[in-house]
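Heads up, the thing below is written out as structure tokens.
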Amino acid sequence: DDELVFAVDVLNASGQSVAQVDDHRTVTTANPIRLQIGNYDVVAKHGQNLNAAFENPYYEGTKNVRIYPDQINTVNLTCTLANTIFSVEFPSEFAQHFSEYEVSVTNGVGSPLVLSNRPAPGNPLEAGLSSKAYLAVTGTLTWDLYLKNTEGGEYHTMITYSDVKARQHYHLKFKLG
């Protein structure tokens with residue numbers, strides 16, 4: 001079952017939570033969320049809103065609704081990816097020329113995530129090259145490439161992007177030249 005399950009929070013005009021549901025599928029016409037007359041923000045979320053993590057997409061959506069007396073209101077709301085995605089791709093022949101190659105990525109908050117040809121086992125901040133990094137949106141994204149060739153020579157470069165937004169996917173594809 002690949003259906004995403006969303007937690008729903010209903011906020012009153014003061015921003016206070018007045019109703020919460022852990023699984024949106026439990027809200028039905030037979031089991032509605034009962035609210036008093038007024039304006040509310042309905043917020044739906046899926047996943048953990050972490051600063052940076054591998055394979056951890058976070059989806060969110062908000063809709064303002066007005067509740068009227070003696071009416072059943074159905075709220076349809078669109079949730080979208082709230083993260084920036086970062087991934088890398090290295091050709092297989094890289095291993096013939098480089099003993100180590102990795103890219104670290106950060107949004108400027110907390111520790112960077114590292115995509116490596118030799119990730120440290122058990123370290124949640126490191127992953128293999130095929131992983132996707134999901135980062136909270138801060139407006140910037142900095143990646144840092146480190147290469148060590150088979151003769152021991154090292155190369156390092158860093159680039160920062162600005163105006164980074166949710167749902168953008170930065171996919172770096174490296175080639176031998």
Short side-chain donor-acceptor distance under 3.5 Å, Thr62 and Asp41: no
Contact check, side chains of Leu145 and Phe174, non-hydrogen atoms, under 4.5 Å: yes
Nearest heavy atoms of Val137 and Lys165, plus distance in Å: CG2-C, 3.9 Å
Asn107 CG to Asn51 CG distance, which is reported to the nearest 0.5 Å: 4.5 Å
Whether Tyr101 and Phe94 hold their rings parallel, tilted or perpendicular, with breakpoints at 30° and 60°: perpendicular
Nearest atoms (heavy-atom pairs only) where Ile85 meets Leu81: CD1-CD2, 3.5 Å
Nearest atoms (heavy-atom pairs only) where Ser99 meets Asn117: O-ND2, 3.2 Å
Listed pairs under 3.5 Å, donor-acceptor, residues 120-134 side chains, sequence neighbours left out:
unit_1	atom_1	unit_2	atom_2	d
Asn123	OD1	Leu125	N	2.8
Glu126	OE1	Ala120	N	2.8
Ser131	OG	Gly128	O	3.4

Phe98-Val114 co-clustered via ILVMFWY side chain contacts under 4.5 Å: no
Pair Glu102 + Arg118: basic N to acidic O under 4.0 Å: no
Closest non-hydrogen atom pair, Leu50 against Ala53: CD1-CB, 3.8 Å
Check against side-chain contact (heavy atoms from CB on, under 4.5 Å), Asn12 and Gln36: CA-CA 10 Å; Asn12 65 17; Gln36 295 182 2; over 6 Å; no
His46 side chain vs Val5 backbone, donor-acceptor pair below 3.5 Å: yes
Heavy-atom pair of closest approach, residues Leu35 and Ala19: CD2-CB, 4.5 Å
Which atom of Ala136 lies closest to which atom of Asn83, heavy atoms considered: N-ND2, 4.4 Å
Backbone of Ala30 reached by a side-chain donor or acceptor of Thr28 within 3.5 Å: yes
